[in-house]
Visitor: 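Below is the structure I would like to discuss, written out as structure tokens.
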Amino acid sequence: MRTRTARRGAVVAALLLALGAPDVAAAPASPPPEAPPAAGTARTPDAPDTADTADAESAGASLVARRAALAAASRGGGAAGLDFRACPAVEDLPSHVRCATLRVPLDYARPDGPQISLTVSRATATGARGAAHQGALVQNPGGPGASGMSFPLVAGLSGWERIAAAYDLVGYAPRGVGRSAPLSCQDPASHARGPVQEPVHPSPAYKMRRLAQARAYARGCARRAGTALPYYSTANNARDLHVLRAALGEEKLTFMGASYGTYLGAVYATLYPRHVRRMVLDSPVDPDPRRIWYRNNLDQARGFEGRWRDFRAWVARHHAVYGLGSTPEAVQAGYERVRDAVARTPAGGTVGTGELRAAYLQAAYYDDVWPDRAAALAAFLRGDPSVLAAQAAPDPAAAAEAENATAVYTAVLCNDAPWPADWGTWDRDHTELARTAPFETWANAFLNLPCASWPVRVERSPVAVGSQPDRLPRTLVVAAERDGATPYAGAPELQRRLGAGASLVTETGAGSHGVAGGRNGCVDRHVERYLLTGATPGWRVTCAPHPEPAPVSLDDGAASARRALLPPVV
């Protein structure tokens, strides 16, 4: 568990750095054990965009789900529709977690056409203290591009005992992720290459180089995925979830989604409202179709700027420990000295300004890493770059996983909605935003820039979350007031769209991304009560913020112990 957590941290860091030095001209890697059905040459496919196609996809998903439910019933009900066995060694899961594969159509408009396999993991309910079995609890950790295969491990964590007693804990790798018809857009070896040097103020010439790289990356996605590329989308992820629910023998879905997983859950609820039992949606994406996804990313850069200041303010309050200055501005000046230094001489030979920015972006996601990052800055300025190098260097062992995560992230966001095709729009919007939110604005722009020249023509609007004809059962939304990755405005918007039965729990004055699962006891009590009884705490309630981390190295024995959290959400 500890090793996997560290590895996943490296994968998240690599995803945040993504596209720093794309090299799609390299020869394609050998195909994975099961690659999606694809042509070997690039073309410009069309995303399904007509009403007739949408109806065909809906009918296809219903047909496949009915077949999965019949298979589950014929094999004894419960999760018998899936053949759970010992997990493959590559999953690195303990023996009590069992794995299965779920066959789904690549294209739901052709339910009997090319099929792909999704990997699924499960820890069966413990039944401790005579707990009644409540079925399967399915989780998605976000991304898009993150795998939930390790979710069943929470059964062994403190605070999860009662949930694990009542529910089978089910994780899965969505389409494109891990061994689930894996998607790739470039050679993983080039993805992990460092150091990457990013200018503070990108020049017109640098912007044109990044635009060319983004176009090359998009072409790499088309070349490697071929005709399969249009089918990596949130709508298809929701259809896959519908089939997984049926294959688990569940009439209705009980679901936990974090970050992007909240949008997936909201789309599922819109498409299949009669098949929703309970939903916990943690750190929600703003589901307004007008914000999916270009405007949401502009909002995110503003949110990260606020959390970057929160981190610097915390370091400044602990000047006596770190010696980095007693104001956020002084801490910023120290960070800039480090940035200038690694621009000249990369730390450890691999940490340039790109790796530095990606490592400190994690501080905008999770305050758990604040002591580590502050200690690394302090050590560097005292002449020891090894601490920073250890925290920020690319991990070659995680390169393939990180490249895969970036590919899925890009494909889903680009396929979900139209993006501005005109570079002038991107340049104008991000130049203006960078004046007040410089920390992540341009990196975010360049990460998403392949969508400007995406080789799939996207004409369909995003799913109108909240347009379902049926009233949803009670749902639970949880959010941190200062979350940067998914700014708080998305939480009340999601609650409004889910309807009168939605409850919103807000962690005030805090901003770590991913609230439930061990960070805040007040939030966790609301989540546990809801999952076990279906009861929500009211329309809108608040919880006090979780304690800030201790201002010492997390390796120090005097530091307060980390809580047991869910796998990182991205």
Side-chain angles (χ1 to χ4, degrees), residues 47-49 53-66 68-69 102-109 111 116 118 120 136-148 170-177 180-181 230-248 250-282 284-285 287-289 292-293 408-409 411-417 458 460-470 472-473 475 494 497-498:
D49 56 19
T53 300
D55 289 344
E57 290 169 332
S58 177
S62 296
L63 173 63
V64 177
R66 285 196 301 272
L102 174 70
R103 298 285 287 176
V104 297
L106 177 68
D107 174 6
Y108 277 95
I116 59 176
L118 309 184
V120 183
L137 171 60
V138 182
Q139 190 252 8
N140 180 284
S147 173
V170 176
Y172 74 108
R175 60 170 60 200
V177 178
S180 294
Y231 301 103
Y232 296 93
S233 67
T234 297
N236 276 336
N237 286 340
R239 295 177 186 116
D240 292 343
L241 191 57
H242 187 50
V243 177
L244 174 59
R245 169 203 57 76
L248 290 166
E250 303 290 336
E251 176 63 26
K252 296 187 177 183
L253 176 70
T254 304
F255 178 78
M256 289 188 73
S259 193
Y260 166 79
T262 66
Y263 182 61
L264 171 59
V267 169
Y268 180 93
T270 301
L271 298 179
Y272 305 107
R274 296 181 182 180
H275 291 282
V276 174
R277 180 176 179 265
R278 292 170 193 166
M279 280 192 169
V280 177
L281 303 176
D282 182 357
V285 167
D288 185 337
I292 303 294
W293 286 101
V408 176
Y409 167 90
V412 172
L413 265 62
C414 297
N415 284 334
D416 271 3
V458 179
R460 182 187 300 176
S461 298
V463 172
V465 169
S467 62
Q468 67 278 351
D470 300 290
L472 291 171
T475 52
L494 176 59
R497 288 174 175 268
L498 291 175

Visitor: Could you tell me how the ring of Y268 sits relative to the ring of Y272: parallel (under 30°), tilted (30 to 60°) or perpendicular (over 60°)?
Guide: tilted

Visitor: Let's go through V465 and R497 carefully: what are the C-alpha distance in whole Å and the side-chain angles of both, what is the deciding distance for side chain to side chain contact (heavy atoms under 4.5 Å, CB included) to 0.1 Å, and is it a yes or a no?
Guide: CA-CA 6 Å; V465 169; R497 288 174 175 268; 4.1 Å; yes

Visitor: If we count only N and O atoms by modelled type, under 3.5 Å, do the side chains of Y172 and S147 hold a donor and an acceptor together?
Guide: no

Visitor: Indicate, with yes or no, if the rings of Y263 and W293 have centres closer together than 6.0 Å.
Guide: yes

Visitor: Taking salt bridge (charged side-chain N to carboxylate O under 4.0 Å, His left out) as the cut-off, I'd like each qualifying pair that reaches into residues 253-278, sequence neighbours left out, listed once.
Guide: R274-D470

Visitor: If you take all heavy atoms of A238 and V267, which pair is closest and at what distance?
Guide: CB-CG1, 4.0 Å

Visitor: So, applying side chain to side chain contact (heavy atoms under 4.5 Å, CB included) with V243, which one of L63, L248, V64 is it?
Guide: V64

Visitor: Taking it one step at a time, do T254 and V138 satisfy side chain to side chain contact (heavy atoms under 4.5 Å, CB included)?
Guide: CA-CA 6 Å; T254 304; V138 182; over 6 Å; no

Visitor: Could you report the tightest heavy-atom contact between P105 and P111, atom names first, then the distance?
Guide: CG-O, 3.7 Å

Visitor: Identify the heavy atoms of M279 and G265 that sit nearest to each other, and give their distance.
Guide: CE-O, 3.3 Å

Visitor: Under a 3.5 Å threshold, yes or no: a donor from one side chain and an acceptor from the other, between D416 and S233?
Guide: no

Visitor: Give me the atom names and distance for the closest heavy-atom approach of L281 to G261.
Guide: CD2-O, 4.4 Å

Visitor: If you measure from CG on L413 to OH on Y260, what distance do you get to the nearest 0.5 Å?
Guide: 8.0 Å

Visitor: How long is the span from the CD atom in Q139 to the CG atom in D282, to the nearest 0.5 Å?
Guide: 9.5 Å

Visitor: Verify side chain to side chain contact (heavy atoms under 4.5 Å, CB included) between L253 and V276, making sure each step is shown before the conclusion.
Guide: CA-CA 5 Å; L253 176 70; V276 174; 5.8 Å; no

Visitor: Could you give the distance from CD1 (I292) to OG (S461), rounded to the nearest 0.5 Å?
Guide: 12.0 Å

Visitor: How far apart are the closest heavy atoms of A146 and P141, and which atoms are they?
Guide: CB-CG, 3.8 Å

Visitor: So, taking the atom named CG in L241 and the one named OG1 in T234, what distance separates them when rounded to the nearest 0.5 Å?
Guide: 11.5 Å

Visitor: Tell me every residue that passes salt bridge (Lys or Arg N to Asp or Glu O under 4.0 Å) with R175, counting only those two or more places apart in sequence or in another chain.
Guide: D240

Visitor: Say whether, by atom type as modelled, one donor and one acceptor occur between the side chain of T262 and the main chain of A258 under 3.5 angstrom.
Guide: no

Visitor: Show me the pairs that pass salt bridge (charged side-chain N to carboxylate O under 4.0 Å, His left out) and involve residues 252-268, at least two apart or across chains.
Guide: none

Visitor: Any luck finding a side-chain donor-acceptor pair between R245 and H242 under 3.5 Å?
Guide: yes

Visitor: Quick one: CG on L118 to CZ on R103, what's the gap to the nearest 0.5 Å?
Guide: 9.5 Å

Visitor: Taking atom CG of N236 and atom CG of D107, what is their separation to the nearest 0.5 Å?
Guide: 7.5 Å

Visitor: List the atom of N415, the atom of Y231, and the distance in Å for their closest heavy-atom pair.
Guide: ND2-N, 4.5 Å

Visitor: Are any of the side-chain heavy atoms of L244 and L102 separated by less than 4.5 Å?
Guide: yes

Visitor: Donor-acceptor check, side chain of T270 to backbone of A266, threshold 3.5 angstrom: yes or no?
Guide: yes

